[in-house]
Amino acid sequence: MAHWLLKTEPEAFSLDDLKARGQEPWDGIRNYQARNFLRQMRVGDEVFIYHSRVPVPGIVGIARIVTEAHPDPTQFDPQSPYYDAGSSPADPRWDLVDIAYLAHCVPAVSLESLREMPEFADNPLVRKGNRLSIVPISESQWQAVLARVTLV
DNA sequence: GCCAACGTTGGC
DNA sequence: GCCAACGTTGGC
């Protein structure tokens with residue numbers, strides 16, 4: 001089982017929103033590297049949910065992949081902010097996966113603490129200027145974070 | 001709100 | 001195919 005980290009701006013969609021809905025299509029990914037990671041995800045993979053663009057960015061909870069990658073319908077919707085005129089239904093450019101809420105991490109694990117963890121030294125998440133919205137997480141990184149939190 | 005870093009676009 | 005311009009991301 002692989003692990004991943006998904007970034008979200010809680011002002012747009014937060015872990016609490018995911019908890020309230022139970023399950024949600026993770027739509028709007030418009031970056032090829034992130035899309036390729038989406039396509040590697042398998043049902044049952046567990047992911048960290050990370051809040052960005054907040055006073056203390058960091059990992060706030062965990063979720064589970066419940067569908068494999070399939071075309072993101074928002075790419076075909078001219079009303080959607082994620083509309084992509086260059087993508088055709090015959091050959092969709094962008095995918096999404098559906099994720100289900102599992103738990104909050106208490107306490108949250110801030111980016112600052114991740115930077116201090118040796119397991120994360122090579123993770124793109126802690127690199128300056130990193131803009132990847134989906135990041136692979138190794139087993140040791142996954143365990144190191146879980147060792148610091150209670151799942152609530 | 002600022003701005004560095006990055007990915008994408010498009011003129012040539 | 002290069003690369004300047006542009007738009008976006010995300011920490012601070």
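The sequence lines fix the lettering, A, B, ..., with proteins before strands; numbering per chain opens at 1.
Not a single donor-acceptor pair under 3.5 Å links the side chain of A:D77 to the backbone N or O of A:T74. For A:Q75 (side chain) and A:S87 (main-chain N/O), no donor-acceptor pair under 3.5 Å exists by modelled atom type. Listed for the A:K19 side chain is no donor-acceptor partner under 3.5 Å among the backbone atoms of A:Y101.
Within the nucleic acid shown, A:L132 comes within 4.0 Å of sugar-phosphate atoms alone, with no base atom in reach, counting heavy atoms only. In this structure, A:R115 reaches the sugar-phosphate backbone alone: every heavy-atom distance under 4.0 Å involves primed, P, OP1 or OP2 atoms, never a base.
For the ring pair (Phe, Tyr, Trp, His ring centres under 6.0 Å) condition, no pair includes a residue of residues 61-91 of chain A, sequence neighbours left out. Pairs engaging residues 36-68 of chain A under the ring pair (Phe, Tyr, Trp, His ring centres under 6.0 Å) rule: A:W4-A:F37, A:F48-A:W142 [sequence neighbours left out].
Taking every nucleotide of DNA chain C with any atom under 4.0 Å from a non-hydrogen atom of chain A, the first and last of them, 5' to 3', are C:dG7 to C:dC12.
A distance of 12.0 Å separates CD1 of A:I99 from CD of A:E46, quoted to the nearest 0.5 Å.
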Would you sketch DNA chain B in dot-bracket for me? Only Watson-Crick or G-U wobble pairs with both distances under 3.5 Å count, crossing pairs as [ ], other-strand pairs as |, the rest as dots.
||||||||||||
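Residue-to-nucleotide proximity on DNA chain B shows that, of A:G129 and A:R93, the 5′-proximal contact is made by A:G129.
Within 6.0 Å of CZ on A:R35 lie more than 12 heavy atoms contributed by other residues, nucleotides or ligands. Around CD of A:Q143, the count of heavy atoms belonging to other residues, nucleotides or ligands within 6.0 Å exceeds 12.
Applying the side-chain contact (heavy atoms from CB on, under 4.5 Å) criterion to A:A144, with sequence neighbours excluded, gives A:M117, A:E119.
Between A:D84 and A:R30 there is no salt bridge, since no side-chain nitrogen of the basic residue lies less than 4.0 Å from a carboxylate oxygen of the acidic one.
Contacts between residues 45-56 of chain A and DNA chain C, counted as heavy-atom distances below 4.0 Å, involve A:Y50, A:S52, A:R53.
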